[in-house]
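Numbering of ligands and ligand atoms starts at 1, following listing order.
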Amino acid sequence: MSGTVTPPTVPARAPRLGLSQLAPHTYQSEIRAMTTECERMGGINLAQGVCDTPVPAVVEAAAVKAMHDGYNIYTRCDGNQRLRTAIAQKQLRDYGIRYDPEHEVMVTCGATAGLHVAAMALLDPGDEVVVFEPFYGYHVNTLKALRAVPVLVALTEPGWGLDADALRAAITPRSRAILLNTPANPSGKIFTRAELEAVAALAMEHDLFVITDEIYEYFVYDGTEHICPATLPGMRERTIVVSGFSKTYSVTGWRVGYVTADARWMPAMAHFHDLTYVCSPAPLQHGVAAGLEQLPPAFYLHLAADYQAKRERLAAALRDAGMDPLIPPGAYYILARAEHLPGATAAEKARNLMARTGVASVAGTAFFRPGCGEELLRFCFAKQDAELDEACERLRKS
Ligand code: PLP
């Protein structure tokens with residue numbers, strides 16, 4: 001035998017120093033770009049859902065006190081006992097649904113982290129998740145970032161109604177979950193009981209999770225009721241309720257949210273929350289707990305009434321400016337038809353409007369599959385009255 005050895009051919013290596021295949025496909029650039037441009041020109045930002053309304057005094061005082069009292073170290077990764085208990089009591093008070101604060105309530109770094117860890121714990125790459133359109137960009141992008149597949153089901157106008165046949169048609173053997181946002185960003189849609197029953201029936205028939213984002217649960221107008229989907233018969237064990245305090249207490253920068261769900265799913269979600277976020281900020285958990293413990297039901301009713309008045313103000317100004325606002329029954333955004341504004345695309349229309357008025361909005365295309373939403377702009381009304389009034393005046397003069 002000869003001793004000659006042919007060296008194996010080494011395949012040419014792809015360059016290693018570069019972004020992942022996924023990275024360029026999950027940027028949410030338009031809202032950020034509008035915000036940056038708006039700051040540059042000193043405009044009024046109705047693009048981003050940053051509510052700059054005042055923090056309730058009890059919430060703020062309790063957070064400051066907690067800092068002084070030394071609550072500045074890690075809490076349990078699923079939150080301190082005081083806040084878990086307060087959340088369990090809130091769910092019981094508001095919806096009559098009972099969660100064990102030890103095993104079925106997790107405090108998260110905002111609803112955003114809640115959805116992220118739910119998706120990490122419950123979905124495999126390639127799993128399909130039904131998402132209703134118009135959608136909130138973080139929902140779709142969080143799923144994509146975890147290599148799950150969002151399957152869009154269009155809600156239909158007027159009123160963004162659910163077409164149960166379209167939902168049924170979207171379910172395949174790869175389906176794992178239905179994600180629903182009620183009240184919804186950007187449409188303000190509130191799912192009716194009949195619609196939720198249709199969702200529940202399909203979820204049970206196909207053994208799917210239902211992941212709900214209920215962050216706008218108190219932002220409900222015209223007497224419309226928010227129904228927590230987990231309360232429907234048979235739904236508690238398969239519903240992952242995601243919500244938080246960013247909006248209700250005007251603390252978007254605090255990063256305190258929660259998940260309530262059946263005890264079977266919690267340890268895995270808590271594990272991923274620990275790995276990525278460790279815990280929600282310790283003193284701020286106390287601030288939020290004080291809000292839950294001390295603010296009376298009237299606080300939440302006033303909140304809805306205040307925001308309904310803001311909605312009216314902005315809707316009137318949009319009408320006067322020649323746009324056609326689609327009046328939202330919930331949340332704090334208005335989608336408005338802006339066909340007549342100059343610009344070939346919604347992004348151009350938003351930029352032209354900002355150049356003329358200094359008011360930033362978001363192109364409707366941010367909330368739809370490619371090619372849809374070009375006629376729409378989204379405006380946020382979570383603003384202090386004086387600033388909102390100034391924005392309305394500028395829009396009227398446009
Ligand atoms: N879910 C929806 C539907 C939202 O619109 C937003 C913020 O705009 C969030 C979640 C973010 O919530 P959090 O600040 O609790 O992460």
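Inspection of the H139 and D213 side chains reveals an N or O donor paired with an N or O acceptor under 3.5 Å.
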Solution key, residues 65-72 side-chain donor-acceptor pairs under 3.5 Å, sequence neighbours excluded:
from	atom 1	to	atom 2	distance (Å)
K65	NZ	D69	OD2	2.6
N72	ND2	M67	O	2.9

Side-chain donor/acceptor pairs under 3.5 Å, residues 373-381, sequence neighbours excluded:
from	atom 1	to	atom 2	distance (Å)
E374	OE1	A346	N	2.8
R378	NH1	N185	OD1	2.9
R378	NH2	A47	O	2.5

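Residues L123 and L115 share a hydrophobic cluster, clusters being chains of Ile/Leu/Val/Met/Phe/Trp/Tyr side chains in contact below 4.5 Å.
Aromatic ring centres of F219 and H226 lie farther apart than the 6.0 Å criterion allows.
Contacts of F245 classified as ring pair (Phe, Tyr, Trp, His ring centres under 6.0 Å), with partners at least two apart in sequence or in another chain: Y249, Y258.
At a 4.0 Å heavy-atom cut-off, the residues surrounding ligand 1 are G110, A111, T112, Y136, N181, N185, D213, I215, Y216, S246, K247, R255, Y333, listed by chain and number.
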